[in-house]
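See structure below.
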Amino acid sequence: MNTQPNLFADANDSLGGYRHEVKLPAGDLTVYAAQQLFSSLDYKVFEMANNNLQIPGISYMSYTPDVHVGVGTCIGTTAVWDANNGYVSPSIVGSDIGCGMRVHMTNLHKDDLKDVKLRRKLVKAIEKVLPMEANQRGHYSDIRLEHIVRKGLHGLPKKYIPDGYTPKKSTSITHVESSKFTFDEEVLNLVPDMTWHRSHRQLGTLGGGNHFAEIQAIEIAEENRDIAEAWGLVDGQIVVMIHSGSRTWGGHISQTSSSAIAKMMQRNGLGTSDPRLVFAPLEHAEGRHYVNMMYSALNYAVVNRHLIAYSIREAFREVFGSKCEFRTLYDLMHNYAWEESHPDQGSVFVHRKGATRALPAHHPDNPKPYLATGHPALIPGSMGTASYIMVGQSQGVDNFYSICHGAGRIRSRNATKRLVTLADFERALGVGTENEIVVNQRSLESIIDESPQAYKNVDEIIDSVTGAGLAQVVAKCKPLAAVKGAK
DNA sequence: ATGTCC
């Protein structure tokens, strides 16, 4: 409950209670959330917004309904500056640069996976090709990391972009948000050998925490059946959803850039109430350096998800034969900052931290295959609950087209370990029943901090997004099996 | 999130 209501006594609700304009001492915050979710927000998220709003020149800041406290900045933040006179903040982007979602579509039906033993077999096959133990090396030592961070998907050897990876013989790189982020490659010379080495070994690995790969069965939303069909989605279809990021490459960039920027801030007397919140003018050497490095991490993250998908495709082909399709639906990030064009504000520099860009039909930033419909917006649920494939609405322009990025944590990992029992977790996964969501980890205890009881109800989050007119549901994705990385 | 503290 909110114990210090004065801060947002001036909250002005609109859009039937789904949008809240909050007056904070340092500036205005927009919160997209149904009334009940809004009322239940922790006071700390407003405190963090107030710190972020102290960064000079910020022109817009908003929260998604899944907002929760992070380090320096809340997860669920969209923060915007004028691109010509703006600031960039590694603390807003966060440490997992380029973290995001990827979905592949198979030609399997949920009935093909009805047998729990077959789901176990599939998970075992995935474990063979997809490293999930901490510090376990990936299987892609033949790929040059230098090519990946410089050229993104274009740096991959051809054999890793198989025919039929996407519909109509187009390659998978036409079906992602961006196949290559261009930057000043000089910055790569400053990355230490150890980071090159570790990041090379880590290519194609899932990582820990909330990262996962899930096998899901989809239900098409009736009102968007035409869009679903245009995307190649049908009722009961098995899809594979992947959530991962830039691993140690992005982590290294975040850490080194943040400390360089912190020093620059000290020299120039810059700062807010929170010393952990670092930022630099875009035109400063430190700001430019971070942006360049960040883009290399975006390349790493997209390729990492592509390779995870490639590995899982191998497992599917082993279990279901070589006729098993594995077409790319989309790859979409939720942690990054970049320049965009806004109809009223022109060139803007947009940070998204745990916020997903969901463009509507005909927006010019859609990749060509999705120009007529809008691109798929991929929203993960918590483990054992549904995920969603959505599409943006034109009204989303008010929020720079940002929507949620998942369920949103309601209790810390430690609090979850204290409060949630193994029996609770097993019940949530249907362990022992024929509908069991099969998980790779032999000991569920090791991932109990990821149990659904640690998260908000994703359906309420989605309701807030649709209620506010930001996006619509195209398909609901129900998990049949999940693989998680070890701690 | 992260080779979770040089």
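What's counted below: heavy atoms across the whole structure, side chains too, no hydrogens, waters or symmetry copies. In what follows, chains carry the letters A, B, and so on, assigned in the order in which the sequence lines appear, proteins first and then strands, with residues in each chain numbered from 1.
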Touch class at under 4.0 angstrom, heavy-atom based, for G251(A) against every strand present: nothing

Touch class at under 4.0 angstrom, heavy-atom based, for R137(A) against every strand present: nothing

Parallel, tilted or perpendicular: rings of Y295(A) and F181(A) (30°, 60°): tilted

Touch class at under 4.0 angstrom, heavy-atom based, for H211(A) against every strand present: sugar-phosphate

Test item: side-chain donor near acceptor, R247(A) and S199(A), under 3.5 Å: no

Spacing of R247(A) atom CZ relative to dT4(B) atom P, expressed in whole Å: 12 Å

Qualifying residues under side-chain hydrogen bond (donor to acceptor under 3.5 Å, both in side chains), relative to E146(A), sequence neighbours excluded: R144(A)

Separation of atom CG in D96(A) from atom P in dG3(B), rounded to whole Å: 10 Å

Near-strand residues of residues 69-78 of chain A, defined as heavy-atom separation under 4.0 angstrom from DNA chain B: none

Rounded interatomic separation in angstrom, taking CE from M194(A) and C1' from dT2(B): 15 Å

Sugar-phosphate, base or nothing in reach of T248(A), heavy atoms under 4.0 Å: sugar-phosphate

Spacing of D193(A) atom CG relative to dG3(B) atom P, expressed in whole Å: 18 Å

Whole-Å gap separating P (dT2(B)) and CD1 (I97(A)): 13 Å

N/O (side chain, Q255(A)) to phosphate O (OP1/OP2, dT2(B)) under 4.0 Å: no

Ring-face cation of R313(A) near F326(A) (centre distance under 6.0 Å, axis angle within 45°): no

Length of the line joining E133(A):CD and dT2(B):P, which is rounded to integer Å: 14 Å

Presence of salt bridge, D449(A) and R411(A), under 4.0 angstrom: no

Distance, rounded to the nearest Å, where H197(A) contributes NE2 and dG3(B) contributes P: 13 Å

Between Y455(A) and E450(A): side-chain donor-acceptor atoms closer than 3.5 Å: yes

Distance-only donor-acceptor check, side chains T30(A) and H20(A), under 3.5 Å: no

Rounded distance (Å) that lies between atom P of dC5(B) and atom NE2 of H252(A): 15 Å

